[in-house]
Amino acid sequence: MALVGIVGGGIGGIATAVQLKRYGIDALIFEREAIGGLIRNAYSVENTMFFPDGIKGVKVVEILQEYVKKYELKILYEEVVRILKKGNLFRVITNKGEYTFKYVVIASGTKPKRLNLNTSRLFYHVIDVPEGNFERVLIIGGGDVAFDYALTMSERAKEVIILTRSEPKALPLLREYIKERKNVSVVKGQVLDVGERLAKTTAGNFEFDVILVAIGREPNLDFAREVLNEENVFLVGDVKNGIYRQTALSIADGIKTAMEIWRRERYGDT
Ligand SMILES: Cc1cc2nc3c(=O)[nH]c(=O)nc-3n(C[C@H](O)[C@H](O)[C@H](O)COP(=O)(O)OP(=O)(O)OC[C@H]3O[C@@H](n4cnc5c(N)ncnc54)[C@H](O)[C@@H]3O)c2cc1C
């Protein structure tokens with residue numbers, strides 16, 4: 001059995017596993033969905049310092065897959081539902097089985113804050129929007145993710161409306177990109193009521209084909225509550241970074257965590 005169990009096959013979890021492998025330490029990654037995590041949604045990632053012209057989120061995932069292959073990383077497509085302490089070890093319980101590790105790395109990212117809207121056309125992640133083109137897409141939120149989603153959807157919809165209840169908080173550069181998209185408008189207002197295809201808002205009524213909600217995210221940690229303060233349990237990436245959710249920070253956390261685990265193994269200190 002591997003020494004380290006990693007929850008999450010996003011960029012943070014994979015960075016941890018790669019660096020561990022470079023030390024000769026085996027890890028097992030649990031991923032409930034697909035390799036790459038949240039970055040799969042990104043229109044263009046421009047702040048990694050390695051791609052000055054930006055790189056599509058889906059391309060980042062292809063690169064991660066190359067790392068998985070090159071380093072022969074072990075991935076189990078299972079959802080971790082609970083982690084418990086067992087003597088000096090940890091029991092990782094998934095929807096399919098149970099595993100024991102000396103170290104646990106929680107790189108499980110975030111989950112979207114939700115709105116209780118009564119339509120089947122509601123999505124929180126742009127990758128979940130069905131294929132095809134649309135007449136009008138309504139995006140609720142005024143942060144980086146809402147504006148990034150608008151860039152993606154502007155290529156698939158005749159009209160995109162970003163509905164934000166206060167002044168947009170998105171990165172100025174993203175706001176500039178949006179200004180250049182003639183089919184995207186930013187409207188200040190709040191949702192009052194949503195039917196299957198009609199949103200009533202303080203800024204008027206809008207028919208829509210798709211609603212994307214991007215009103216913030218929160219740590220995805222429920223399964224790990226019982227071990228969060230234990231030694232040899234590490235948090236990596238978005239799950240611990242609050243509003244500072246960036247790929248470079250997840251990678252840095254992963255590499256640092258792997259170095260720390262190696263140090264503990266080698267010198268026995270914490
Ligand atoms: C639209 C958009 C654009 C972005 N653009 C940029 C950008 O330009 N530059 C930038 O630096 N960052 C950007 N980001 C942020 C970036 O995507 C994140 O910071 C980064 O992907 C976080 O990686 P992570 O590994 O910490 O978490 P995540 O990518 O969220 O990975 C967590 C993984 O854990 C899995 N998981 C969760 N719970 C469990 C469980 N119980 N069992 C098993 N698996 C589980 C999930 O399925 C997921 O694959 C963007 C984000 C979005 C949404």
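Residue numbers count from 1 along this sequence. These figures come from a predicted structure and were not determined experimentally. Ligands are counted one by one from 1 in listed order, and the atoms in each one are counted from 1 as well.
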Contacting atoms of ligand 1, where contact means under 4.0 angstrom from a heavy atom of T247
10 (C), 11 (O), 12 (N), 16 (C), 19 (O)
Do the side chains of L212 and M153 get nearer than 4.5 Å, heavy atoms only?
yes
Counting from 1 in the order shown, the ligand 1 atoms closer than 4.0 Å to a non-hydrogen atom of E78 are 43 (C)
Between Y149 and ligand 1, which residue portion shows a heavy-atom distance shorter than 4.0 Å: side chain, backbone, both, or neither?
side chain
Is the backbone N or O of N220 less than 3.5 Å from a side-chain atom of S108, with the two atoms forming a donor-acceptor pair by type?
yes
One residue to check: H125. Relative to ligand 1, which of side chain, backbone, both or neither has a non-hydrogen atom less than 4.0 Å away?
neither
Identify, for atom 10 (C) of ligand 1, the protein heavy atom at the shortest distance, and state residue, atom and that distance.
Q246 OE1, 3.1 Å
Within the 4.0 Å heavy-atom shell around G237, which atoms of ligand 1 are there?
26 (O)
For ligand 1, indicate whether the residue D148 contacts it via side chain, backbone, both or neither (heavy-atom separation under 4.0 Å).
side chain
Within the distance-only criterion (no hydrogens, no angle test), does the side chain of Q246 pair as donor or acceptor with the backbone N or O of A248 below 3.5 angstrom?
no
Would you say L163 ends up clustered with I178 if hydrophobic residues are merged whenever their side chains have heavy atoms under 4.5 Å apart, either directly or through other cluster members?
no
What part of V7, side chain from CB on, backbone N/CA/C/O, both or neither, has a heavy atom under 4.0 Å from ligand 1?
side chain
Side chain or backbone of N220 under 4.0 Å from ligand 1, or both, or neither, by non-hydrogen atoms?
side chain
Would you call K69-E66 a salt bridge at under 4.0 Å N-O?
no
Report yes if G12 has an N/O atom closer than 3.5 Å to an N/O atom of ligand 1; otherwise report no.
yes
How about F30 and Y99: are their ring centroids closer than 6.0 Å?
yes
Pairwise distance OG1(T100) to CG(N88) - rounded to 0.5 angstrom
12.5 Å
Answer yes when K111 and D222 have at least one side-chain N-carboxylate O distance shorter than 4.0 Å, and no when they do not.
yes
For ligand 1, which atoms, with element, lie under 4.0 Å from some heavy atom of F223?
41 (N)
Which heavy atom of the protein is the closest neighbour of atom 45 (C) of ligand 1, given with residue, atom name and distance?
R32 CG, 3.7 Å
When you look for heavy atoms under 4.0 Å from ligand 1, do you find them on the side chain of S250, its backbone, both, or neither?
side chain
Which one holds for T94 and ligand 1: side chain close, backbone close, both close, or neither close, with close meaning a heavy atom under 4.0 Å?
neither
Could you identify the single nearest non-hydrogen protein atom to atom 30 (O) of ligand 1 and state the distance to 0.1 Å?
G109 CA, 3.4 Å
Atom pair OH/CD1 of Y149 and I127 - distance to nearest 0.5 Å:
8.0 Å
G37 neighbourhood, listing ligand 1 atoms whose heavy-atom distance to it stays under 4.0 Å:
29 (O), 31 (O), 48 (C), 49 (O)
Taking side chain as C-beta onward, heavy atoms only, is K200 less than 4.5 Å from F206?
no
What residue and heavy atom of the protein are closest to atom 47 (O) of ligand 1, and at what distance?
E31 OE2, 2.6 Å
Got an N/O contact under 3.5 Å between A248 and ligand 1?
no
Select the closest option to atom 7 (C) of ligand 1 among I55, V45, I127, I106, judged by heavy-atom distance.
V45
Closest approach of any protein heavy atom to atom 9 (N) of ligand 1, naming residue and atom:
N47 OD1, 2.8 Å
Heavy-atom nearest option to atom 32 (C) of ligand 1, drawn from G8, P112, A107
A107
Kindly identify the option in V145, L76, D238 whose heavy atom sits closest to atom 18 (C) of ligand 1.
D238
With heavy-atom distances below 4.5 Å as the criterion, would you say the side chains of V194 and I211 are in contact?
yes
A42 N/O to ligand 1 N/O under 3.5 Å
no
E79 N/O under 3.5 Å from ligand 1 N/O:
no
N or O pair under 3.5 Å between N41 and ligand 1:
no
Judged by modelled atom types alone, do R22 and Y71 share a side-chain donor-acceptor pair under 3.5 Å?
yes
Which ligand 1 atoms, with their elements, are less than 4.0 angstrom from a heavy-atom of A34?
49 (O)
Just need the protein heavy atom nearest to atom 31 (O) of ligand 1, so name the residue and atom and give the distance.
G10 CA, 3.6 Å
Among all protein heavy atoms, pick the one closest to atom 6 (C) of ligand 1 and tell me residue, atom and distance.
I39 CD1, 4.1 Å
Rounded distance (nearest 0.5 Å) linking atom CG of D144 with atom CG of L173
10.0 Å
Between the candidates I29, L38, D253, which shows the shortest non-hydrogen contact distance to atom 28 (P) of ligand 1?
L38
Determine, for F147 and R175, whether the Lys NZ or Arg CZ falls below 6.0 Å from the six-membered ring centre while staying within 45 degrees of the axis.
no
Between D26 and K74, is there a side-chain N and carboxylate O pair less than 4.0 Å apart?
yes
Within the structure provided, determine whether R264 and E231 are in side-chain contact (heavy-atom separation under 4.5 Å).
yes
Quick one: which ligand 1 atoms are inside 4.0 Å of a heavy atom on R245?
15 (C), 19 (O)
Flag yes if more than 12 heavy atoms outside Y67 fall under 6.0 Å of its OH atom; otherwise flag no.
no
Under 4.0 Å to a heavy atom of S44 - the qualifying atoms of ligand 1, by number
8 (O)
For atom 41 (N) of ligand 1, what's the nearest protein heavy atom and its distance?
V80 O, 2.9 Å
Row check, Y43 ring normal vs K56 NZ/CZ: under 6.0 Å, within 45°:
yes
